[in-house]
Amino acid sequence: MGTQIPKTFDPKKIEQKWYPYWEREGLFKANPEKGGRAYSIVIPPPNVTGSLHMGHALNNTLQDICIRYRRMDGFNVLWMPGTDHAGIATQNVVEKQLAAEGLTRHDLGREEFIKRVWKWKEIYGGQIIHQLKRLGASCDWSRERFTMDEGLSRAVREVFVRLYMDGLIYKGDYIINWCPRCSTALSDLEVEHQEHASHLYYVQYPLSQGSGGITVATTRPETMLGDTAVAVNPEDERYRELVGLQCILPLVGRALPIIADPYVEPGFGTGALKITPAHDPNDFEIGIRHGLEKLRVIDETGRMNQEAGAFAGLDREECRKEVVEALKQKGLLVKVEPYTHKVGHCQRCGTVIEPTLSKQWFVKVEPLAKEAIRAVREGRIRIIPGKWENDYFAWMENIRDWCISRQIWWGHRIPAWYCLECGALTVASQDPSACSSCGSPALEQESDVLDTWFSSALWPFSTLGWPERTRELEFYYPTSLLVTGFDILTFWVARMIMMGLKFMGEVPFRHVYIHALVRDIEGRKMSKSLGNVIDPLEVIEQYGADAFRFALAAFAAQGRDIKLSMERVEGYRNFMNKLWNAARFVLMNLDQEVLGEPFSFEGNRPLVERWILSRLTRTLTEVREHLDAYRFNEAAGAIYQFLWHEYCDWFLEWIKPSLYRPSHPSEKQRTQAVMLEVLLQVLKVLHPFAPFITEEIWHSIPGRDGSIMNASFPLPRPELLDQKAEAEVQLLQAVVGGIRNLRAEMGIPPGAQLNVVLIPPAGLEALLKEHQEMICTLGRVKDLLVDSKASRPPMAVYSVSETVEIHLLLHGVLELEKEQERLIREKEEIERELEAVRAKLANQGFVQKAPAQVVERVRSKALDLERKSRKLAEGIQRLKDVVRG
RNA sequence: GGGCGGUUAGCUCAGUAGGUCAGAGCGCUGGUCUCACAUACCAGAGGUCGGAGGUUCAACUCCUCCACCGCCUACCA
């Protein structure tokens with residue numbers, strides 16, 4: 001007999017064994033020179049500061065499934081890995097480290113600080129890469145990139161310069177989102193809005209002329225120090241006479257014009273709005289429309305500046321209190337109402353954003369967005385599930401210019417130089433030695449760096465070597481698929497599409513698969529503050545990477561978030577163990593001869609073999625279809641169902657007698673060959689989901705050369721489909737099920753001997769007779785009589801399954817009354833069903849309008865039920881006869 | 001304010017293009033250590049598919065309204 005493998009599956013050992021093997025053998029390596037059909041994915045580069053969380057785990061599991069599937073299916077595959085320098089996030093981490101030493105980045109100076117960040121990156125930055133390896137990710141690590149690499153930095157400069165030359169990058173004074181903590185500008189996307197319970201303050205602004213005043217409502221009284229107007233709606237009757245007059249800004253004494261602007265909602269507050277163009281985006285717009293002065297009163301650190309007069313030096317929050325107090329004393333605070341509204345916070349540090357007037361660099365996105373919309377509209381890119389396309393369009397159609405400059409140090413420094421002589425700007429991809437305008441060598445580079453997402457936007461082509469025309473670019477671009485979460489659809493995906501179209505003249509990827517969010521079991525986002533984070537590495541530690549990956553795939557139904565808990569992974573750990581033991585069984589029952597021979601699909605086969613091969617074929621077809629459509633859960637489910645409930649529960653049990661007590665050695669070996677072949681195919685189809693265990697089992701079967709990764713992904717053979725065999729087995733299963741059910745209902749222990757008489761309709765007699773042994777084995781029957789003409793045995797319990805009468809002979813006394821009741825209950829149930837079916841058939845509309853196929857199906861169901869009901873009636877009658885004597 | 005999504009067995013969820021789709025896993029109940037597996041095997045209970053209308057011969061599946069929950073987004077201070 002065959003090889004022995006351990007009784008329970010130990011994931012840890014095999015994970016440690018196979019990942020290094022794959023790397024050593026170079027099985028993840030991509031080579032464009034080999035040609036063939038290209039299939040490529042670029043990884044969404046995790047932040048260097050990051051460590052693996054559930055989102056990464058899901059994201060990369062799905063990518064790995066796609067990649068391994070295509071690789072086995074004969075594609076020339078590239079999975080391009082790398083990390084993102086994550087400007088603000090990384091700078092924050094290192095600054096925190098410095099703070100622990102009592103230092104700030106300014107103590108070090110720019111150059112030293114950047115050195116320090118690089119040093120940090122070398123030490124801690126690779127963490128997530130190791131974690132991805134634990135998961136089994138089959139990236140081509142030899143190509144790993146970092147967004148601050150020399151090559152990628154060159155791409156960044158090149159893109160910046162070209163966009164600038166095309167007039168798509170400009171610098172200007174605009175109101176932007178300012179984080180006083182990070183001390184930098186942020187794009188709109190980096191601002192998170194949260195509800196705040198706050199107050200609405202009503203403040204009286206006295207008129208310059210005569211008595212009276214105008215009351216404005218504001219949530220931010222401190223900004224009044226920067227007010228340069230008061231606005232009302234032009235349609236508002238209440239204020240019509242005041243428009244054109246002036247009022248006095250309290251506490252400051254400045255005269256403010258009262259203007260009319262349609263933006264003002266008459267119904268909100270008092271209908272009068274104070275205008276602070278330098279600290280509110282809407283006021284800014286109004287300011288431009290009316291040519292108002294823009295007066296900054298809050299500085300980079302969130303404190304009031306000199307313009308705030310008496311309040312200068314105060315923090316924003318402090319100042320609010322003081323202003324309110326001062327107004328109260330002057331009797332100008334009319335009232336205060338509680339008010340809840342949304343306030344912008346810094347995505348990275350949570351500080352309240354200060355909208356501030358500032359000189360920044362912008363990308364003019366509209367022309368780029370137009371092309372990007374077209375690419376999706378025309379189907380050159382497909383977003384899956386399709387509903388996300390709406391979000392994409394909605395965002396792209398209302399897109400605003402993208403603020404790309406950041407006032408931090410860690411990142412791609414903007415390739416623009418100011419001439420200290422003439423003030424002209426030189427933008428160049430190479431460091432210039434002289435001013436492009438006056439030729440002076442006295443140049444100073446822009447100190448701002450670029451938004452991190454600027455370099456990420458280039459990722460699909462910068463990682464492939466752009467701006468060089470590399471073989472990689474030629475062969476692997478456009479990439480085949482992008483797998484990502486919806487949260488960065490706008491941040492990243494949309495921008496990659498814009499940049500890809502602009503600089504490669506072609507979309508960056510064909511498909512975008514948007515996966516769900518992983519939540520905790522109660523549906524809450526996993527977050528450190530909630531303490532509900534499940535660490536992927538702990539899951540791997542406990543249940544193994546394969547079980548974890550399979551679980552994630554099985555939960556990845558399109559359009560719904562995943563609620564994950566350890567218990568749910570456990571079930572899939574059990575599945576892995578099931579596979580393990582099935583393999584163990586196969587190995588224990590393999591003859592040497594079988595291992596030597598290649599499997600042949602030809603020849604006459606007994607029912608059970610035709611059946612399992614047919615079922616396998618269906619499973620393979622389904623798995624391919626589901627994977628091609630990104631229905632990972634369905635694909636996983638199909639494999640699970642087939643392996644556990646068809647291969648293990650029925651096939652292996654069914655063939656045991658012929659393995660243990662074969663009538664001919666050749667039959668045994670033929671069966672063994674099928675048993676082995678089906679297992680091998682399952683291993684291959686399962687490999688993308690569970691790479692470690694499948695590799696381990698693959699190698700434990702003698703005669704396998706090399707990695708399962710080199711095996712080809714099974715192609716279904718349609719000639720193996722056998723509907724007749726499936727129908728016949730279904731009937732046999734029903735009969736076995738009927739016997740088991742009777743036994744359980746009668747409370748007969750599985751050990752007890754059973755005698756059974758089956759009375760089938762004449763047409764089924766041969767089939768049942770032929771498979772008496774199977775029925776006996778699986779139904780645990782000792783003596784079985786199959787005879788369509790047999791008379792009903794007197795002392796027996798009775799059931800009808802698929803028109804086959806099942807009589808279970810009892811040795812003891814049959815409680816006739818009870819048995820009668822049981823049959824009556826069963827009959828009633830059948831009758832209820834029958835009634836519904838009959839009503840359907842009696843409905844003229846149904847019979848006339850429904851497709852013939854459907855009507856036929858209902859008719860035959862009615863016949864079946866009638867037959868069953870009749871047989872039950874006969875059984876009941878017989879019992880009555882027995883009782884009478 | 002706008003948009004989107006969810007509401008199916010005790011729990012977590014499938015149900016792809018209206019008619020064997022009322023399903024799975026876990027949990028539960030009863031019975032088994034049956035020579036691959038107790039991380040297992042066998043059997044079973046359990047849902048008028050959120051509510052109300054409508055379309056249709058036929059609706060969990062399409063339409064309308066309502067309720068609750070969640071998300072995204074926005075220029076009502």
Side-chain angles (χ1 to χ4, degrees), chain A residues 5 7-9 193 200-201 216-220 223 231 263-276 280-286 339 341-342 387-388 390-391 394-395 398 486-487 489-490 517 519 521 523-525 543 547 554-555 557-565 567-568 570-589 625-626 629 631 633-634 637 640-641 645 648-649 652-653 656 660 736-737 740-745 747-751 777-780 840 843-851 853-855 857-858 860-861:
Chain A
I5 58 177
K7 194 166 167 178
T8 40
F9 154 59
H193 296 272
L200 193 57
Y201 301 89
V216 300
T218 179
T219 53
R220 301 198 56 198
T223 62
Y263 166 76
V264 181
E265 289 288 333
F268 187 88
T270 60
L273 173 63
K274 64 185 226 33
I275 303 297
T276 322
D280 183 283
N282 305 312
D283 293 6
F284 177 78
E285 300 286 334
I286 294 172
Y339 184 66
H341 66 140
K342 287 194 174 173
K387 63 166 184 164
W388 292 111
N390 295 332
D391 284 52
W395 189 69
N398 302 310
F486 64 83
D487 47 332
L489 183 64
T490 48
L517 212 63
R519 299 171 172 281
I521 198 69
R524 299 170 306 181
K525 237 179 186 166
Y543 295 119
F555 297 155
Q558 286 181 13
R560 198 192 283 238
D561 287 346
I562 295 173
K563 293 186 194 170
L564 189 82
S565 70
E567 294 75 48
R568 302 192 68 193
E570 190 178 270
Y572 293 102
R573 186 275 313 265
N574 295 352
F575 175 65
M576 294 302 148
N577 194 55
K578 189 74 184 175
L579 168 68
W580 184 259
N581 276 288
R584 204 165 149 256
F585 176 82
V586 168
L587 283 168
M588 287 164 68
N589 291 286
E625 281 173 4
H626 290 317
R631 290 188 296 257
N633 60 323
E634 301 276 1
Y640 183 98
Q641 169 66 24
H645 298 303
C648 290
D649 286 353
L652 292 183
E653 295 304 326
K656 273 177 182 174
Y660 297 146
V736 169
R740 286 168 171 173
N741 178 284
L742 269 184
R743 178 212 300 279
E745 274 191 38
I748 301 165
T777 314
L778 296 180
R780 303 196 146 265
K840 223 177 197 182
N843 182 341
Q844 282 306 305
F846 173 71
V847 180
Q848 281 161 18
K849 292 188 180 171
Q853 220 183 340
V854 174
V855 177
R857 213 180 296 149
V858 175
S860 80
K861 188 173 183 188

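To find a chain, count down the sequence lines: A is the first, B the second, and so on, and within it residues start at 1. Keep in mind that what you see is a predicted model, and the values were worked out from it rather than measured.
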Item to check | Exam field: side chain A:N589 to backbone A:F585, donor-acceptor pair closer than 3.5 Å | outcome: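 Answer holds: yes.
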Checklist entry - Counting distance only, does the side-chain N/O of A:R740 pair as donor-acceptor with the main-chain N or O of A:L778 below 3.5 Å? => result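 Such a contact is found between A:R740 side chain and A:L778 backbone.
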With a non-hydrogen cut-off below 4.0 angstrom, is [X] in contact with a base, only sugar-phosphate, or nothing?
X      : value
A:R857 : base
A:G271 : base
A:K342 : base
A:V858 : nothing
A:R220 : nothing
A:Y339 : sugar-phosphate

Item to check | Secondary structure of RNA chain B in dot-bracket form (Watson-Crick or G-U wobble, distances below 3.5 Å, | marking inter-strand pairs) | outcome: (((((((..((((.....[...)))).(((((.......))))).....(((((..]....))))))))))))....
In this structure, how many angstroms lie between the [atom2] atom of [N] and the [atom1] atom of [X], rounded?
X      : N     : atom1 : atom2 : answer
A:I275 : B:A77 : CD1   : P     : 13 Å
A:E567 : B:U39 : CD    : C1'   : 14 Å
A:D283 : B:A77 : CG    : C1'   : 7 Å
A:E570 : B:A40 : CD    : C1'   : 13 Å
A:F486 : B:G5  : CZ    : P     : 14 Å
A:F555 : B:C13 : CZ    : C1'   : 9 Å
A:W388 : B:C4  : CH2   : C1'   : 8 Å
A:H193 : B:U73 : NE2   : C1'   : 9 Å

Considering only atom [atom1], compute the distance from [N] to [M] and round it to an integer number of Å.
N     : M     : atom1 : result
B:C4  : B:C65 : P     : 12 Å
B:C63 : B:U16 : P     : 14 Å
B:C11 : B:A43 : P     : 26 Å
B:A17 : B:C62 : P     : 9 Å
B:U73 : B:A14 : C1'   : 30 Å
B:C66 : B:U20 : P     : 32 Å
B:U32 : B:A38 : C1'   : 10 Å

Nucleotide nearest [X] (side chain, heavy atoms from C-beta), chosen from [options]:
X      : options             : answer
A:F846 : B:U12, B:G19, B:U39 : B:G19
A:Y263 : B:U39, B:C75, B:A77 : B:C75
A:R740 : B:A43, B:C57, B:U39 : B:A43
A:D391 : B:A77, B:A43, B:C72 : B:C72
A:Y640 : B:G19, B:G25, B:A77 : B:G25

Checklist entry - Which word best sums up how the rings of A:F9 and A:W580 line up, parallel for under 30°, tilted for 30 to 60°, or perpendicular for over 60°? => result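 A:F9 and A:W580: tilted rings.
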Next on the checklist: Using O4'-C1'-N9-C4 for purines and O4'-C1'-N1-C2 for pyrimidines, with syn meaning within 90° of 0, is B:A17 syn or anti?
Outcome noted: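 Because its glycosidic torsion lies within 90° of 0, B:A17 adopts the syn conformation.
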Next on the checklist: Can you tell me if A:N741 touches the phosphate of B:C42, counting only side-chain N or O atoms and a distance under 4.0 Å to OP1 or OP2?
Outcome noted: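 No.
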Hey, what are the protein-to-nucleotides 32-36 of chain B N/O distances that come in under 3.5 Å?
residue : atom : partner : partner atom : Å
B:U34   : N1   : A:R780  : NH2          : 3.2
B:A36   : OP1  : A:Y660  : OH           : 3.3
B:A36   : OP2  : A:Y660  : OH           : 2.9
B:A36   : O3'  : A:R584  : NH1          : 3.2
B:A36   : O2'  : A:N581  : OD1          : 2.5
B:A36   : O2'  : A:R584  : NH1          : 2.4
B:A36   : N7   : A:K656  : NZ           : 3.3
B:A36   : N6   : A:E653  : OE2          : 2.9
B:A36   : N3   : A:N581  : O            : 3.1
B:A36   : N3   : A:A582  : N            : 3.4

Checklist entry - Does NZ belonging to A:K656 count more than 12 external heavy atoms closer than 6.0 Å? => result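 Count over threshold, so yes.
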Checklist entry - If you measure from NE2 on A:H193 to NE2 on A:H341, what distance do you get to the nearest 0.5 Å? => result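 Answer rounded to 0.5 Å: 12.0 Å.
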Next on the checklist: If you compare all heavy atoms of A:T777 against all heavy atoms of A:E653, which two are closest, and at what distance to 0.1 Å?
Outcome noted: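 Looks like CG2-O, 4.2 Å.
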